[in-house]
Amino acid sequence: MMQLGSIALLVPDYDEALGYYVGVLGFTLLEDTDLGQGKRWVRIAPPGAETGLLLAQAQGEAQTGAIGNQSGGRVFLFLHTTDFWADYHRLQARGVQFLEEPRPETYGHVVVFRDVYGNKWDLLEVQRGL
């Protein structure tokens, strides 16, 4: 069996990123290990999720330039929820920047938001059975 373990996400600063993803989005800090020379192994995930993000502090001009645009401007990450409206209102109250109004789709409810670095996310509740 294989599964996706982590997705690397370029950030300018580990602690700043933790402040947003843990403090605002409500993710859980899974691991924060000092690797020396200013590098850390920092993993976060939504509570109870198996797959999470590996925060990667950008090094050099190319990586720094890709922060917030790792997907070329498309929605990059999909945050699934079992209670769309409660999570939407919770994130809205915490200042998350939504780019549209929530909308029903054939597969469920969805709304696009932008994180603190500019990455686009879908907050998504998939209808059961799909």
Side-chain angles (χ1 to χ4, degrees):
M1 179 177 118
M2 287 197 279
Q3 66 177 344
L4 200 56
S6 295
I7 298 166
L9 183 66
L10 290 169
V11 298
D13 178 81
Y14 295 115
D15 293 322
E16 176 188 73
L18 286 171
Y20 180 79
Y21 295 111
V22 173
V24 175
L25 294 187
F27 284 22
T28 300
L29 176 61
L30 302 174
E31 183 176 359
D32 187 349
T33 303
D34 187 341
L35 301 176
Q37 299 178 353
K39 293 184 180 182
R40 290 160 54 185
W41 185 260
V42 181
R43 293 186 321 114
I44 60 173
E50 290 186 28
T51 302
L53 298 174
L54 174 67
L55 300 180
Q57 187 166 297
Q59 301 293 317
E61 191 176 311
Q63 289 181 16
T64 300
I67 293 171
N69 194 29
Q70 287 180 232
S71 65
R74 293 187 59 114
V75 169
F76 176 46
L77 299 159
F78 299 82
L79 185 57
H80 284 215
T81 177
T82 57
D83 192 341
F84 179 86
W85 291 107
D87 285 330
Y88 170 73
H89 291 299
R90 177 181 58 82
L91 294 176
Q92 189 177 46
R94 291 182 176 181
V96 170
Q97 180 189 9
F98 289 95
L99 302 180
E100 62 184 16
E101 293 298 315
R103 65 182 192 277
E105 294 288 351
T106 57
Y107 51 81
H109 284 90
V110 66
V111 65
V112 178
F113 70 92
R114 187 183 317 270
D115 71 18
V116 69
Y117 302 114
N119 298 298
K120 289 183 182 176
W121 294 64
D122 272 356
L123 176 65
L124 176 65
E125 181 176 16
V126 177
Q127 291 178 0
R128 294 176 189 193
L130 293 180

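We count residues from 1, following the sequence as given.
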When you measure from the side chain of [X] to the backbone N and O of [Y], does any donor-acceptor pair fall under 3.5 Å?
| X | Y | answer |
| --- | --- | --- |
| Glu100 | Val112 | yes |
| Thr81 | Asp83 | yes |
| Tyr117 | Ala17 | yes |

Subject >> side-chain hydrogen bond (donor to acceptor under 3.5 Å, both in side chains): pairs with one or both residues in residues 56-80, sequence neighbours excluded >> reply: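 Residue pairs passing side-chain hydrogen bond (donor to acceptor under 3.5 Å, both in side chains), neighbours aside: none found.
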**OP:** Decide yes or no on side chain to side chain contact (heavy atoms under 4.5 Å, CB included) for Val42 and Leu29, but give the supporting numbers first.
**Re:** CA-CA 8 Å; Val42 181; Leu29 176 61; 4.1 Å; yes
[Y] reachable from [X] in the ILVMFWY side-chain graph, under 4.5 Å edges:
| X | Y | result |
| --- | --- | --- |
| Leu4 | Tyr21 | yes |
| Leu9 | Leu18 | yes |
| Leu54 | Leu77 | no |
| Leu99 | Val110 | no |
| Phe76 | Phe78 | no |

Subject >> side-chain contact (heavy atoms from CB on, under 4.5 Å) against Val96, all qualifying residues, sequence neighbours excluded >> reply: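 Only Tyr20, Val24, Leu25, Leu91, Phe98, Phe113 meet the side-chain contact (heavy atoms from CB on, under 4.5 Å) criterion with Val96.
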Subject >> side chain to side chain contact (heavy atoms under 4.5 Å, CB included) between Leu79 and Asp87, intermediate numbers included >> reply: CA-CA 10 Å; Leu79 185 57; Asp87 285 330; over 6 Å; no
Subject >> Close side-chain approach of Leu35 to Arg40, heavy-atom, < 4.5 Å >> reply: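 SC-SC contact between Leu35 and Arg40 ruled out.
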Original post:
Relative to the ring of Tyr88, is the ring of Trp85 parallel (under 30°), tilted (30 to 60°) or perpendicular (over 60°)?
Top reply: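 Judged by the thresholds at 30° and 60°, the geometry between Trp85 and Tyr88 is perpendicular.
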Original post:
What class does the angle between the rings of Phe27 and Trp121 fall in, given that below 30° is parallel, 30 to 60° is tilted and above 60° is perpendicular?
Top reply: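 Perpendicular, since the angle between the ring planes exceeds 60°.
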**OP:** Quick one: pull up CG in Leu55 and CD in Glu31 and give me the separation to the nearest 0.5 Å.
**Re:**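 Between Leu55 CG and Glu31 CD, I get 11.5 Å after rounding to 0.5 Å.
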Original post:
Could you state the interatomic distance from CD1 (Ile67) to CG (Leu10), rounded to the nearest 0.5 Å?
Top reply: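 Nearest 0.5 Å value for the CD1-CG distance: 6.0 Å.
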Original post:
So, for Ala45 and Leu30, which heavy atoms are closest and what is the spacing to 0.1 Å?
Top reply: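 Residues Ala45 and Leu30, closest heavy atoms: CB-CD1, 3.7 Å.
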**OP:** Kindly determine whether Glu101 and Val111 satisfy side chain to side chain contact (heavy atoms under 4.5 Å, CB included), including the steps that lead there.
**Re:** CA-CA 6 Å; Glu101 293 298 315; Val111 65; over 6 Å; no
Original post:
Can you list the steps and then say if Tyr14 with Asp32 is a side chain to side chain contact (heavy atoms under 4.5 Å, CB included)?
Top reply: CA-CA 9 Å; Tyr14 295 115; Asp32 187 349; over 6 Å; no
